[in-house]
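Beneath this line is the structure, given in structure tokens, with notes to follow.
Numbered from 1 within each chain, the chains take letters A, B, ... in sequence-line order. Basis for what follows: all heavy atoms, side chains included, without hydrogens, waters or symmetry-related copies.
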Amino acid sequence: MHSPILGPSLYTVKAVLILDNDGDRLYAKYYGDGYPSVKEQKALEKNIFNKTHRTDSEIALLEGLTVVYKSNIDLFFYVIGSSHENELMLMAVLNCLFDSLSQMLRKNVERRALLENMEGLFLAVDEIVDGGVILESDPQQVVHRVALRVLQSAKEQIKWSLLR
Amino acid sequence: MIKKFDKKDEESGSGSNPFQHLEKSAVLQEARIFNETPINPRRCLHILTKIIYLLNQGEHFGTTEATEAFFAMTRLFQSNDQTLRRMCYLTIKEMANISEDVIIVTSSLTKDMTGKEDVYRGPAIRALCRITDSTMLQAIERYMKQAIVDKVPSVSSSALVSSLHMVKRSYDVVKRWVNEAQEAASSDNIMVQYHALGLLYHLRKNDRLAVTKMLNKFTKSGLKSPFAYCMLIRIASKLLDETEGGHDSPLFDFIESCLRNKNEMVVYEAASAIVHMPNCTARELAPAVSVLQLFCSSPKAALRYAAVRTLNKVAMKHPSAVTACNLDLENLITDSNRSIATLAITTLLKTGSESSVDRLMKQISSFVSEISDEFKVVVVQAISSLCQKYPRKHSVMMNFLSNMLRDDGGFEYKRAIVDCIISIIEENPESKETGLAHLCEFIEDCEHTVLATKILHLLGKEGPRTPQPSKYIRFIFNRVVLESEAVRAAAVSALAKFGAQNDDLLPSVLVLMQRCMMDSDDEVRDRATFYMNVLQQKQKALNAAYIFNGLSVSIPGLEKSLHQYTLEPSEKPFDMKSVPLATAPITEHKTGTTTCCRLICTGKLPEKLAPSRQDIYQEQLAAIPEFQALGPLFKSSEQVQLTEAETEYVVRCIKHTFARHMVFQFDCTNTLNDQLLQKVVVQMEPSESYEVTNYIPATSLPYSQPGSCYTLVQLPDDDPTAVSCTFSCTMKYLVKDCDPNTGEPDDDGYDDEYVLEDLEVTVADHIQKVLKANFGAAWEEVGDEFEKEETFALASVQTLDEAVGNIISFLGMQPCERSDKVPENKNSHVLFLAGVFRGCHDVLVRARLALADGVTMQVTVRSSEETVVDVILASVG
């Protein structure tokens, strides 16, 4: 019954999800033990997708969790936190994730490009959130730290364009 | 090689997923190429990606196969491909819990974390800390300390965050890194600053003084990171809450100053912190409300959402503070984000005037089907509080609610609606019939047993007293025919109540009961047989005792007593009076304020019957040998403070009443960290003929660990009317000075004492609250053998409400039939109180109140025992 003042903690993010436009999981990382089994996770993802895929409203409250989201072409990005959490912090994480990927995929944020660069996604999320703590919120920094892969593929791009 | 895969994809159509048909066994087979020399970084990278992808999809890896793949992966540390190495770190983290012997990579990781490549160092630290336990942590302690103060932000951040993760497992080791964390906190990098602050707080959070110092330092020097500011605001508001610091404290000033920060995140955090503070005045809220008002027109949905959600919370306690925002909220009603629109409307419902209600209700019903259950519950709760505010609007609300009840929705949502309808029925007698009709319709097609039984119970209680009770019988009997056992049983009980109250319905009810006795379920049959036999006696007293007002004992207590009885077979029949009474349920109606917490803990409330507070005390006291002969615990009082807050020792007392004794439990806390108290007793000097018979000391009372000591008092046998007494209390103890850091006490101590405030025992301590669902029936049951009546003038009381409140708290009895609520604009009122006096004598009080230049009160007391009547009248006078 008491006012839900948040116990001061760095553990902000409960999950980061990326779903495709059928609601299938492309990437899911859960932090903490709120959703221990795959079955519960999938149920949550289904619920979230059903409630969000038709609207582009950016934010929703579901199952006592605050969900901030963003969709692009055929991808849905979600960042989930407690319902007491500062919504803008979660938004900062979501924006950082999206902008980092956008740079790494050269603005080509869609399912196919993402699947071809899964390792880049894995590394980027690893740099943004660590065990639920926001590790970095500046996309420039994230891209810089994941950097190598992008440079390599840039080189390749030139090579391929020359070959053509 | 990746490109190769891509080519295949292009052939098979552009939408396909290269990872779609991955087979775990095939991937693990492929992982064998990790062992080939030279290492092919491209192919290995792709296989690691596949493995992580599979883990991410929730694929289960067995320990053996995971361990095998993990060991093969360790070979890849020989390659210098950067991406490959980074993927190795990720694999280590992902597999840390699945594979065995992950510590094998410790030395490789240690090498990377101290190496020259900055890109490796941060991730290596995080992977290493993931696989390290507290014993091995010591070995890398030196490196961790260096990493925390490293000038490369990613290294420092990684080390700080990893340390934070490890605080849970190895507090003692991480504690030693405070100085390094302190240094990192003054870093220029915003994330390092944030992480350092978080770690410092977690290490110090149990030491209030250190937290205060830290806050002072950072609030003065200022921070760069908005994240760190948010953290600082949370720490400050927690500290304010704990110390109950006034709003003139510098901490409050700091939070308020954050309202002028240039980052929205910080401004919002500060506003939210102020709004959530208990006892904030409207004036203190004003600046927070005005920044939230600005946010309402932000182009960012998240910000609008955050603002309106917080304003909604303000509106629960201070609707007037939000009225200034009404215009902005009106604009949000049509917001494309339905969550925002719903919150805006529910806020307006709280702040707006009665005239706007109809319009808002129409607005909201246009999209109620589009919003999630969580918000539907918010809507229902807004309606519920609205009904309390504007009782005249109940017909509009009732209509709306019944429509919502017909729609689809989960259990939480339906429960909220049913609760809301029930509370409307209770508040407005004229809405009773329509409300009951809606509920009857609902249970015709209700899949939730809990709700169906709840409604049947309500029908049984309210139905017989409506002008046309017969129309409910059909709905109830339908349940007997169609539903599960629990619902059938509840329906039988409801039927019995109709039969008991309405003589003309009795024959038909008996016929229906007869049919229920053929039910396939034991419980249903038993109930039907039982009620059948009671009803056939046609005696009012029996009906009252066994149909209207059920058992008033505590269920866990009954279970324990029965178990005890079966263990020691005796000739005597089981005595119901030996069972402790149930403490009356707290029936506070705070619908408005519960909205926010309901919203949060949706559906996660424990449904199981927890032992009450009194059952817990009963068990604790029974464990003390001196108290075993006292019999069952009759009543435990609320805690009474015997010291001021913020003194050296904090003492609270709980009064436990037994049949012939009272036990005073003193919960003492020692707040001096340089003292150890021993042999603590509270000496009591009674003013009346009470006799202190025993002291049970608390053997030892170290710093900040609460302990209890007890004093046993015998109640005077010869004079049963002596119910009130004042005790002067002194705490006596042996003090030993000790080292504040280690808690090590000196060998010798000295006796000392500490004077506490006086403790009062009043008539309320001798009476346990009992709820009689049907007061009239209970009144007849007790009979007028020992009835006494007297009239008093309450000169000092100005309103009926005040008089009712005073009487209830003075006598400590349970108000029945909702007679504690005085209808508005009335000059007279009747209050019904029920209770059980020490020694298990039922006692009922009817107080007629009339308002005219002060309140005149005519008290009628009935009980099964004459002295009890005298005691009550004497104490009122």
*Determine whether H46(B) and M118(A) make a side-chain contact, defined as any pair of heavy atoms from C-beta on separated by less than 4.5 Å.*
no
*Between E85(A) and R234(B), is there a side-chain N and carboxylate O pair less than 4.0 Å apart?*
yes
_Given heavy-atom pairs under 4.5 angstrom as the criterion, report whether the side chain, backbone, both or neither of E94(B) touches chain A._
side chain
_Taking the side chain as everything from C-beta on, heavy atoms only, tell me whether L88(A) gets closer than 4.5 Å to N263(B)._
no
*Taking the side chain as C-beta and beyond, is there a heavy-atom pair between V38(A) and Q57(B) under 4.5 Å?*
no
_Part of I134(A) within contact of chain B (heavy atom distance under 4.5 Å)_ = both
_So, taking the atom named OG1 in T83(B) and the one named CD in E119(A), what distance separates them when rounded to the nearest 0.5 Å?_
7.5 Å
*Can you tell me if N337(B) uses its side chain to pair, donor with acceptor, with the backbone of I59(A) under 3.5 Å?*
yes
*Side-chain heavy atoms of P123(B) within contact of E127(A), under 4.5 Å*: yes
*Using a 4.5 Å cut-off on heavy atoms from C-beta on, say whether the side chain of S339(B) contacts that of K51(A).*
no
*asked:* Between K300(B) and E87(A), is the salt bridge (Lys or Arg N to Asp or Glu O under 4.0 Å) condition met? List the steps.
replied: CA-CA 11 Å; K300(B) 294 181 199 162; E87(A) 289 85 350; over 6 Å; no
*Are S9(A) and H202(B) close enough that some pair of their side-chain heavy atoms sits under 4.5 Å apart?*
yes
*chain A contact via L90(B) - side chain, backbone, both or neither, heavy atoms under 4.5 Å*: side chain
_Segment of Y89(B) engaging chain A (4.5 angstrom heavy-atom cut-off)_ = neither
*So, R145(A) side chain and G122(B) main chain: donor-acceptor pair closer than 3.5 Å or not?*
no
*Non-hydrogen atoms of chain B under 4.5 Å away: do they reach the side chain of M91(A), the backbone, both or neither?*
side chain
*Measure the acute angle between the ring planes of Y11(A) and H165(B), then classify it against the limits of 30° and 60° as parallel, tilted or perpendicular.*
tilted
_Which atoms of S272(B) approach chain A - backbone, side chain, both or neither, heavy atom under 4.5 Å_ = neither
*Atom pair CD/CD of E63(A) and E412(B) - distance to nearest 0.5 Å*: 12.0 Å
*So, D130(A) and K93(B), do they make that salt bridge, N to O below 4.0 Å?*
yes
*Where does S137(A) contact chain B at under 4.5 Å (heavy atoms): side chain, backbone, both or neither?*
both
*Any chance you could measure R309(B), atom CZ, to L61(A), atom CG, to the nearest 0.5 Å?*
5.5 Å
_Quick check against the 3.5 Å criterion: does R25(A) have a side-chain atom that pairs as donor or acceptor with the backbone of N56(B)?_
yes
*Kindly say whether M265(B) contributes a backbone atom to a donor-acceptor pair with the side chain of N86(A) at under 3.5 angstrom?*
yes
